[in-house]
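No hydrogens, no waters, no symmetry mates; every other heavy atom, side chains included, goes into these values. The residues of the chain are indexed from 1 along the displayed sequence.
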Amino acid sequence: MMTRVALVDDNRVNLNTFARKIQASGDLDLIFMSTGGNECLELLKGLPPSRHPQLLFVDIEMPVLNGIELIRIAKVLYPNIFYIVLTVFDDDEKLFEAIRAGANGYLLKDDNAISLRNAITIALDDGGAPMSPPIARKALALLSNSKLNENFPGKKENALDILLSDREKEILQCTIKGLTPKQIADALFISIFTVRKHIAHIYEKLHVNNTTQVMSLAYKNGWVK
């Protein structure tokens, strides 16, 4: 059976290189390649579950929605997918943030096709967390550091700061608290039409379809105030 994989990376050269590595394996089905986080979420949303990639390789440094924020959102919407960071960066903060976001592994882009295939086997068959050797050494050093949280407290910026306007964040908080559009309109002194419009934009930006999914994202990522 073919293993389904996908990649999101804003560099066309990296996409082509990845495709060649996948084709060299012979038993991997490349479901899609995306050039951005938002585009990736839209592609996943449009696919039936049976065609979702089993493993999604994610670049970190992307505009608008970076790889770490993409993993934070997609991990809630598509928990059955394995997320592997594929990057040229091996610095400690990026590694720590990726692990906090829920990444299942962390590979360097210059890893060869054999290493890539082995990583897929480790993740899907063995339930492990594949890492390139330099990354694994850094991860062990981080985990053995008793001052881990002091050194890497995490960025204040999260998916909400990147994706939503201040007004949309206000309305999201009201929605999370269970207020109806009418109650939100009264509380914020705006029309119910404006509230519904903002809610539609929130759904679109967070790639969700209903309030239940919004609540799930909110509690998973600590957006509740």
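In this structure, the side chains of Ile190 and Val195 come closer than 4.5 Å at one or more pairs of heavy atoms. Counting heavy atoms from C-beta outward, Ile22 and Val5 have side chains that approach closer than 4.5 Å. Contact of the Ile114 side chain with the Arg117 side chain is not registered, since no non-hydrogen atoms from C-beta on lie closer than 4.5 Å. Val64 has its side chain within reach of Asn38: a pair of non-hydrogen atoms, C-beta onward, lies under 4.5 Å apart. In this structure, the side chains of Phe32 and Pro53 come closer than 4.5 Å at one or more pairs of heavy atoms. Inter-residue side-chain proximity for Tyr83 and Tyr78 is flagged as met; some heavy-atom pair is nearer than 4.5 Å.
In this structure a side-chain-to-backbone donor-acceptor pair under 3.5 Å is present from Ser34 to Cys40. With Glu168 contributing its side chain and Ser165 its backbone, the two residues share a donor-acceptor pair below 3.5 Å. Of the possible polar contacts, one joining the Thr17 side chain to the Val13 backbone as a donor-acceptor pair under 3.5 Å is found.
Note that NZ of Lys177 is 10.5 Å distant from CD1 of Ile184, once rounded to the nearest 0.5 Å. Between His52 atom NE2 and Lys45 atom NZ the span is 11.5 Å, to the nearest 0.5 Å. Note: Ile120 CD1 to Ser25 OG = 6.5 Å, rounded to the nearest 0.5 Å. Rounding to the nearest 0.5 angstrom, the gap separating the CD1 atom in Ile60 from the CG atom in Leu70 is 11.0 Å. Rounded to the nearest 0.5 angstrom, Leu30 CG and Leu15 CG are separated by 9.5 Å. Atom-to-atom distance recorded for Phe57:CZ and Asp59:CG is 13.0 Å, nearest 0.5 angstrom.
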One pair to check against side-chain hydrogen bond (donor to acceptor under 3.5 Å, both in side chains): Asn104 and Lys75. What are the steps and the verdict? CA-CA 10 Å; Asn104 300 102; Lys75 193 80 175 180; 3.2 Å; yes
**Item:** Trace of the side chain to side chain contact (heavy atoms under 4.5 Å, CB included) decision for Ile71 with Leu56
**Value:** CA-CA 9 Å; Ile71 292 173; Leu56 178 63; over 6 Å; no
Requested in this report: Could you walk me through whether Glu69 and Arg72 pass side chain to side chain contact (heavy atoms under 4.5 Å, CB included), step by step?
Outcome: CA-CA 5 Å; Glu69 295 299 343; Arg72 283 199 181 108; 2.7 Å; yes
Evaluation steps, side chain to side chain contact (heavy atoms under 4.5 Å, CB included), between Ile171 and Ile199: CA-CA 7 Å; Ile171 291 175; Ile199 290 174; 3.8 Å; yes
Verdict with supporting geometry, Leu77 and Leu44, side chain to side chain contact (heavy atoms under 4.5 Å, CB included): CA-CA 10 Å; Leu77 297 176; Leu44 287 171; over 6 Å; no
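Between the side chains of Ser115 and Asn112, at least one donor-acceptor pair of N or O atoms lies under 3.5 Å. Asp10 and Thr35 are not linked by any side-chain donor-acceptor pair at a separation below 3.5 angstrom, with hydrogens and angles left out of the test. With 3.5 Å as the limit, one finds no donor-acceptor pair spanning the side chains of Asn11 and Lys109.
The side chain to side chain donor-acceptor pair (under 3.5 Å) test with Asp29 is passed by exactly one of Gln54, Arg51, Arg4: Arg51.
The two residues Gln183 and Gly178 come nearest to each other via the heavy atoms OE1-O, 4.2 Å. What you find for Val85 and Ala103 is that their closest heavy atoms are CG2-CB, 3.9 Å. Between Met62 and Gly37, the closest heavy-atom pair is CE-N, 4.1 Å. The shortest heavy-atom contact between Phe18 and Ala6 is CZ-O, 4.3 Å. The two residues Leu116 and Lys21 make their nearest non-hydrogen contact at CD2-CB, 3.9 Å. Nearest approach of Pro181 to Arg196, heavy atoms of both residues: CG-NH1, 4.0 Å.
Leu28 and Ile122 fall into different hydrophobic clusters, defined by Ile, Leu, Val, Met, Phe, Trp and Tyr side-chain heavy atoms under 4.5 Å apart, directly or through other members.
The local environment of CG in Asn210 is crowded, with over 12 non-hydrogen atoms from other residues, nucleotides or ligands closer than 6.0 Å. Within a 6.0 Å radius of CD1 in Ile192, more than 12 heavy atoms belonging to other residues, nucleotides or ligands are found.
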